[in-house]
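To start, the structure under review is shown below, and the notes come after it.
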Amino acid sequence: MKSIFVAIALIVSLGYFFYKVVTLARLILLGKPENRFDQLGKRTWMMIRNAIFQLANFKRPKGDILYAGIMHFMIFWGFMILLLGEIEILVGGLVHGFTFKFLGYPLYNLFVFSQDLMAAAVLVAMIMSFARRFIEHPKKLNYHFGSYLILGLITGLMLTLFAMNISNGVNPEEPVSKVVNWMFFSSTYIKLFHVTNPLSPVTFQVIWWLHVLMLLFFLDFIPNSKHLHLLGAIPNNFFLNITDKTMQLQPINFEAEGVETFGVAKFEELTWKQLLDGAACTECGRCTDDCPAANTGKILSPREVVLNIKENMKANGPKILKLQKGEKLPDEQRVPLIADDAEGEKRMAFKKEHPNEHNTATSISPQELWACTTCGACQAICPVANEHIRDIIDMRRYLVMTESKMPQELSATFRNNDTNGNPWGLGADARLDWAEGLGLKTMAEQPDPDILFWVGCAGAYDDRNKKIAVAFVKLMQAANVKFSVLGTEETCCGDWVRRAGNEYAFQTLAKQNVETLNKYKVKKIVTACPHGYYTLKHDYPEFGGNYEVIHHSQFINQLIKEGRLKPTKPMKKTVTYHDSCYLGRHNNIYAEPRDVVAAVPQVKMVEMKHSHANSFCCGAGGARMWLDEKEGDRINRVRTAEALSLNPDVIATACPFCMTMIDDGVKDKGVEDNVKVLDIAEIVQRSL
Ligand code: SF4
Ligand code: SF4
């Protein structure tokens, strides 16, 4: 009789589970195609390394991340190993008397030992988890009922397992009683509490059924809860972005026929990998915890971006699955993926009242999308390799190119760029004015330089950044570098234009620049701008522009190492270096700018709490340079305050946007007479 009930329970539970999983897979496959099947060996290794060995949980292993990483490691491996024991229990329910004893005692001993050890480990992890939620109470966590239900279920599973093991351990009719000493924790309990009698058959059966029903309920709860990541995280770590291009944006062909909208306004316009991200999310909140926008009171939360997309897919997807081939879901039956401005305003008001509440919406508001600086902090810390930025840019693309809806100041900057080839809107013919008297040669005058200096719009038009361009030129001249510039043939590289979602304008700029660069057969480019660096290096190959791109921090460092530049004048100052997101997280350049500053005699370098991969954005990336920051604290003020807390004489930067933002921050604080903000090129130049 018991076998029949167990069989029914298994069929119902597994049937429901597989139905949910297949439905989910069908929903994800509604997304657009994307090739993530290259380099299978590397992908397999990354999956093993990140998910199976759990190393992705130990990125920046300190404090709460270390604590949570250890906890998760015990739960993950506990479940993997306890799965064998659960199979024994379930098959034992179907076939009376079934155990793994047939494996022979050495193996059975090992099995018994591992089950007992892992049940204890999971129980410890549960205690740690409850303590974290109730005592430490980190604000990054979601405190919804589902999380507590899961913790309760896992704890219940472990307690019932121990109850059965202890009872079986003292029941001479059970095979486990012969090897009870291998169950270290259960046998210790037996000895400590002098357990001699097994549970009565009825009590045992009640506990057995409680255990099995909790297990099957847990199984069915997985696809409906944040524990969906048990199914999504491992494949997501297989399909992760293994290139060094951190923003894998969807290509847009503007010449394709029949395309009426650009960008993403429906969940199925995202790729299947972007949809898989939501299924993989563990809701750990690390992305939001590191997000400069979220940390300064904006409504943006990268976790919610990923989860809201998942909720939208769950709201609209089943309706789409029911449609006949060729039918489309009418807009009025669809839950919009991008909310309107009014909804955004409501969320902003709610956020002010309830700063720690997490939204579980099915849409993302424009205010959230425009708050992102594309700094990459979310992606860098995510343990399941989610890629938040491209979701945001895809939706910005829709707002900008299909709806023409964007902050007013951004449309004005786009107009400046369209007319003059620079966001400042200053004359294109004035691009080389900054270099007057420096004796620079353009590519037209000197077409065979060793390297092309890509000045960038900031270096050419922004007064503070012009000084950096001059300093860098003087360094190259001091080191006898044969270089040229494009002069008025250079135009905006388009980095911020692409991140702002204006793909059409970006492609126009990129094609124009690639044509110019290829006309001169340029091979090697140096630039002082990390944004230009990213775009020239990672975006331009899409348009036939393949160059060796070097950041000025790398170049100056190389010149110093080769002895071509010799900083000799001492600078007895305390210097803290601010990592640019586009140099650090997006391009992994951390050592060179520090080495350059450290090469100056008597400099004392001090590190901010947020540095290297954990750096805190200046607030200007992702086109935020051109947008007003009305909500919450200003990101540059928060970052500058962190730098100033070290009492530096100099804050060093290696990015024109960072320079502007930190310089403004220092002026805001009224300490510009005591604290200088200098580019690394200026620091070295002062020491020559
Ligand atoms: S890229 Fe930076 S600003 Fe944008 S969501 Fe991620 S952490 Fe936040
Ligand atoms: S997106 Fe990644 S970092 Fe953010 S909550 Fe989900 S799993 Fe955690």
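In what follows, every heavy atom counts, from backbone to side chain, and hydrogens, waters and symmetry copies are set aside.
For the atom pair CZ (F162) and CE (M183), the distance works out to 9.0 Å, reported to the nearest 0.5 Å. L151 CG to I75 CD1: the interatomic distance, rounded to the nearest 0.5 Å, is 7.5 Å. With rounding to the nearest 0.5 Å, the separation of CG in D277 from CD in Q379 is 9.0 Å. Taken to the nearest 0.5 Å, the CG atom of L210 stands 6.0 Å off from the OG1 atom of T160. T362 contributes atom OG1, which lies 12.0 Å from atom CD1 of I309 (distance to the nearest 0.5 angstrom). For the atom pair T374 OG1 and R390 CZ, the distance stands at 15.0 Å (nearest 0.5 Å).
A donor-acceptor pair under 3.5 Å links the side-chain atoms of D649 to the main chain of T574, judged by distance alone. When atom types are taken as modelled, the side chain of Q554 and the backbone of H551 share a donor-acceptor pair closer than 3.5 angstrom. A donor-acceptor pair is defined here as one N or O able to donate and one able to accept, closer than 3.5 Å; such a pair exists between the side chain of R303 and the backbone of E283. A donor-acceptor pair under 3.5 Å is absent between the side-chain atoms of S611 and the main chain of E607, judged by distance alone. Of the possible donor and acceptor atoms, none in the side chain of K604 sits under 3.5 Å from a partner among the backbone N and O of V575. Distance alone, capped at 3.5 Å, is enough to place a donor-acceptor pair between the D116 side chain and the F184 backbone. The backbone N or O of V606 sits less than 3.5 Å from a side-chain atom of T576, completing a donor-acceptor pair. Checked by atom type and distance alone, the side chain of W77 never pairs as donor or acceptor with a backbone atom of A121 at under 3.5 Å. N587 places a side-chain N or O within 3.5 Å of a backbone atom of Y582 that can act as its donor or acceptor partner. Side-chain atoms of R43 come within 3.5 Å of backbone atoms of L240 as a donor-acceptor pair (strictly under, hydrogens ignored).
Ring centroids of F218 and F79 are separated by less than 6.0 Å, placing the two rings close together.
In this structure the side chain of L24 reaches within 4.5 angstrom of the side chain of L228, judged on heavy atoms. D290 is listed as a side-chain neighbour of N614, based on a closest heavy-atom distance under 4.5 Å. At a threshold of 4.5 Å between non-hydrogen side-chain atoms, the residues I651 and Y577 do not count as touching. Looking only at side-chain heavy atoms (C-beta outward), L307 and T360 stay at 4.5 Å or farther from each other. You'll find the side chain of I89 reaches within 4.5 Å of the side chain of L161, heavy atoms only. Using a 4.5 Å heavy-atom threshold, the side chains of L337 and V264 count as touching. Counting only heavy atoms from C-beta outward, the side chains of M126 and M158 never approach each other to under 4.5 Å. Looking at heavy atoms from C-beta onward, E86 lies in side-chain contact with H211 at the 4.5 angstrom threshold.
The shortest non-hydrogen separation linking L583 to P593 is CD2-CG, 4.2 Å. The two residues P138 and R132 come nearest to each other via the heavy atoms CD-O, 3.3 Å. In terms of heavy atoms, R36 sits closest to N241 at NH1-N, 3.2 Å. Residues H578 and C617 share a closest heavy-atom pair of CE1-C, 4.3 Å. When all heavy atoms of S363 and N308 are compared, the closest pair comes out as O-OD1, 3.3 Å. Listed here is the closest heavy atom pair of L369 and I392: O-CG2, 3.6 Å.
The aromatic rings of F217 and F221 sit parallel to each other, their planes meeting at less than 30°, with 60° as the upper class boundary. The aromatic rings of F134 and F130 sit parallel to each other, their planes meeting at less than 30°, with 60° as the upper class boundary. In this structure, F616 and H610 have tilted ring planes: the angle between them lies in the 30° to 60° band. A tilted orientation is assigned to the rings of H229 and H72, their planes being inclined by 30° to 60°. Ring planes of F657 and H531: tilted class, angle from 30 to 60°. Using bins of under 30°, 30° to 60° and over 60° for the plane-to-plane angle, the ring pair F239/W272 lands in the perpendicular bin.
Screening R585, R594, H612 against D579 for a side chain to side chain donor-acceptor pair (under 3.5 Å) leaves a single residue, R594. A side chain to side chain donor-acceptor pair (under 3.5 Å) with Q250 holds for exactly one of R397, E34, Q274; it is Q274.
Between S645 and E642, the side chains place no donor N or O within less than 3.5 Å of an acceptor N or O (distance only, hydrogens not considered). Side-chain atoms of N588 and D244 include no donor-acceptor pair closer than 3.5 Å. With hydrogens and angles left out, the side-chain atoms of N57 and Q54 include a donor and acceptor closer than 3.5 Å. In summary, the side chains of T246 and H586 do present a donor paired with an acceptor at a separation below 3.5 Å, with no hydrogens or angles considered. Side-chain contact of S225 with H227: a donor-acceptor pair under 3.5 Å is absent, judged by distance alone. Remark: the T44 side chain and the K42 side chain contain no N/O donor-acceptor pair separated by less than 3.5 Å. For the residue pair Y189 and N165, no side-chain donor N or O sits within less than 3.5 Å of a side-chain acceptor on the partner.
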Check: Can you list the steps and then say if Y590 with D595 is a side-chain hydrogen bond (donor to acceptor under 3.5 Å, both in side chains)?
Finding: CA-CA 9 Å; Y590 298 109; D595 288 351; over 6 Å; no
Next item on the list: Take M46 and N237, measure what side chain to side chain contact (heavy atoms under 4.5 Å, CB included) needs, and give me the verdict at the end.
Entry: CA-CA 7 Å; M46 292 309 283; N237 268 305; over 6 Å; no
Next item on the list: Would you check, one step at a time, whether the test side chain to side chain contact (heavy atoms under 4.5 Å, CB included) holds for V122 with M74?
Entry: CA-CA 6 Å; V122 173; M74 292 198 285; 5.9 Å; no
Notebook entry, point to check: Going through the checks in order, is the side chain to side chain contact (heavy atoms under 4.5 Å, CB included) test met by I635 and K298?
Noted result: CA-CA 10 Å; I635 296 175; K298 322 288 188 279; 4.2 Å; yes
Next item on the list: Apply salt bridge (charged side-chain N to carboxylate O under 4.0 Å, His left out) to the pair D628 and R634, showing each step before the final yes or no.
Entry: CA-CA 10 Å; D628 288 343; R634 292 181 66 90; over 6 Å; no
Next item on the list: Assess whether salt bridge (charged side-chain N to carboxylate O under 4.0 Å, His left out) is satisfied between K352 and E631, documenting all intermediate values.
Entry: CA-CA 10 Å; K352 262 191 199 147; E631 205 193 343; over 6 Å; no
Check: Between V603 and M605, does a side chain to side chain contact (heavy atoms under 4.5 Å, CB included) hold up when you go through it step by step?
Finding: CA-CA 6 Å; V603 156; M605 288 196 73; 3.7 Å; yes
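The side-chain tip of R133 points at the ring of Y143 from less than 6.0 angstrom away and within 45° of straight on.
Using a cutoff of 4.0 Å between basic side-chain nitrogens and carboxylate oxygens, D495 and R499 are scored as salt-bridged. Contact check on K140 versus D64 returns a salt bridge, with a Lys/Arg side-chain nitrogen under 4.0 Å from an Asp/Glu carboxylate oxygen.
Within a 6.0 Å sphere centred on NZ of K59, heavy atoms belonging to other residues, nucleotides or ligands number more than 12.
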